[in-house]
Amino acid sequence: QVQLVESGGGLVQAGGSLRLSCAASGRTFSSYFMRWFRQAPGKEREFVATISWSGGSTWYADSVKGRFTISRDNAKNTVYLQMNSLKTEDTAVYYCNGSPHRTTIAPSDYWGQGTQVTVSS
């Protein structure tokens with residue numbers, strides 16, 4: 001069993017930065033892919049970034065590539081999303097996800113409660 005709790009969201013001006021954190025409980029954290037998704041009002045949830053269990057491999061949505069960086073600290077059971085050069089279109093609720101799958105979203109995945117990111121113009 002893994003429980004995920006996100007933090008670090010807030011209101012920021014366009015061009016600014018935020019760092020999201022996702023604290024995980026459970027002994028299997030280090031064996032999971034960790035992912036960030038987001039959901040804007042009226043839109044479907046979309047993939048943002050993935051990091052492998054070791055942290056050695058990362059994948060990004062084209063819309064955030066070069067601006068966002070995902071990282072993890074397995075000793076602290078925490079995954080991070082550093083978001084730079086934020087745009088108004090990055091406004092969304094950001095969700096942390098833990099999964100044994102790199103790309104598939106499965107019913108057995110673990111999800112956090114979400115943290116709101118609002119980027120103002």
Side-chain angles (χ1 to χ4, degrees):
Q1 189 77 9
V2 176
Q3 291 184 324
L4 305 175
V5 178
E6 302 99 333
S7 61
L11 174 64
V12 64
Q13 287 190 328
S17 298
L18 281 175
R19 188 176 82 154
L20 306 183
S21 299
C22 173
S25 61
R27 293 180 294 175
T28 58
F29 169 80
S30 61
S31 66
Y32 276 69
F33 288 98
M34 295 303 297
R35 306 183 288 188
W36 287 96
F37 290 80
R38 67 187 182 185
Q39 187 168 18
K43 295 187 177 181
E44 294 187 353
R45 190 172 296 188
E46 66 174 0
F47 163 74
V48 175
T50 298
I51 189 165
S52 63
W53 67 270
S54 68
S57 297
T58 56
W59 299 265
Y60 296 93
D62 287 344
S63 59
V64 307
K65 203 172 293 183
R67 300 187 298 121
F68 290 10
T69 302
I70 189 171
S71 61
R72 69 190 295 166
D73 184 339
N74 286 340
K76 296 182 178 180
N77 277 10
T78 303
V79 63
Y80 304 97
L81 185 68
Q82 177 67 43
M83 305 186 295
N84 298 329
S85 302
L86 282 161
K87 305 175 181 180
T88 55
E89 51 263 44
D90 294 319
T91 295
V93 177
Y94 283 71
Y95 296 92
C96 180
N97 166 282
S99 177
H101 312 289
R102 183 173 75 84
T103 57
T104 304
I105 297 175
S108 57
D109 284 0
Y110 297 102
W111 292 91
Q113 82 288 351
T115 186
Q116 176 71 46
V117 171
T118 303
V119 184
S120 64
S121 59

Decide if atom CD of Gln116 counts as having more than 12 heavy atoms of other residues, nucleotides or ligands within a radius under 6.0 Å.
-> yes
Nearest-0.5 Å distance, [atom1] of residue [X] to [atom2] of residue [Y]:
X      : Y      : atom1 : atom2 : value
Ser99  : Ile105 : OG    : CD1   : 8.5 Å
Phe47  : Trp36  : CZ    : CH2   : 13.0 Å
Thr103 : Phe33  : OG1   : CZ    : 8.5 Å
Trp53  : Ser31  : CH2   : OG    : 9.5 Å
Tyr110 : Cys22  : OH    : SG    : 13.5 Å

Which is it for Ile70 and Val79 under the side-chain contact (heavy atoms from CB on, under 4.5 Å) test, yes or no, and what are the steps along the way?
-> CA-CA 7 Å; Ile70 189 171; Val79 63; 4.0 Å; yes
Considering residues at least two apart in sequence or located in another chain, which fulfil the salt bridge (Lys or Arg N to Asp or Glu O under 4.0 Å) criterion with Lys65?
-> Asp62
Following the transitive rule for hydrophobic clusters with a side-chain heavy-atom cut-off under 4.5 Å over Ile, Leu, Val, Met, Phe, Trp and Tyr, establish whether [X] and [Y] coincide in one cluster.
X     : Y     : answer
Val64 : Phe37 : no
Met34 : Trp59 : no
Ile51 : Val2  : yes

Could you give me the CA-CA distance, side-chain angles and deciding distance for Arg45 and Trp111, then say whether side-chain contact (heavy atoms from CB on, under 4.5 Å) is met?
-> CA-CA 12 Å; Arg45 190 172 296 188; Trp111 292 91; 3.1 Å; yes
Just by distance, do the side chain of [X] and the backbone of [Y] share a donor-acceptor pair under 3.5 Å?
X     : Y      : result
Arg35 : Arg102 : yes
Gln82 : Thr69  : no
Glu6  : Gln113 : yes

Sequence neighbours left out, what passes side chain to side chain contact (heavy atoms under 4.5 Å, CB included) with Ala106? Give chain and number order.
-> His101, Ser108, Asp109
Applying side chain to side chain contact (heavy atoms under 4.5 Å, CB included), name anything that partners Thr88, two or more places apart in sequence or on another chain.
-> Ser121
Atom of Leu4, atom of Ala24 and distance for their closest heavy-atom approach | CD2-CB, 3.5 Å
Closest non-hydrogen atom pair between Ala92 and Ala40, with its separation = CB-N, 3.8 Å
Asn74: what forms a side chain to side chain donor-acceptor pair (under 3.5 Å) with it, not counting sequence neighbours?
-> Arg72
Which atom pairs, donor and acceptor, lie under 3.5 Å between side-chain atoms of residues 8-20 and protein residues at least two apart or in another chain?
residue: Ser17; atom: OG; partner: Asn84; partner atom: OD1; Å: 2.9

Please collect all ring pair (Phe, Tyr, Trp, His ring centres under 6.0 Å) contacts where either partner lies in residues 68-97, sequence neighbours excluded, each pair once.
-> none
Val119 side chain reached by Met83 side chain, heavy atoms, under 4.5 Å | no
Starting from the C-alpha separation in whole Å, work towards a yes-or-no answer on side-chain contact (heavy atoms from CB on, under 4.5 Å) for Lys76 and Ser21.
-> CA-CA 11 Å; Lys76 296 182 178 180; Ser21 299; over 6 Å; no
Might you work through the side-chain contact (heavy atoms from CB on, under 4.5 Å) test for Val117 and Arg38, ending with a clear yes or no?
-> CA-CA 9 Å; Val117 171; Arg38 67 187 182 185; over 6 Å; no
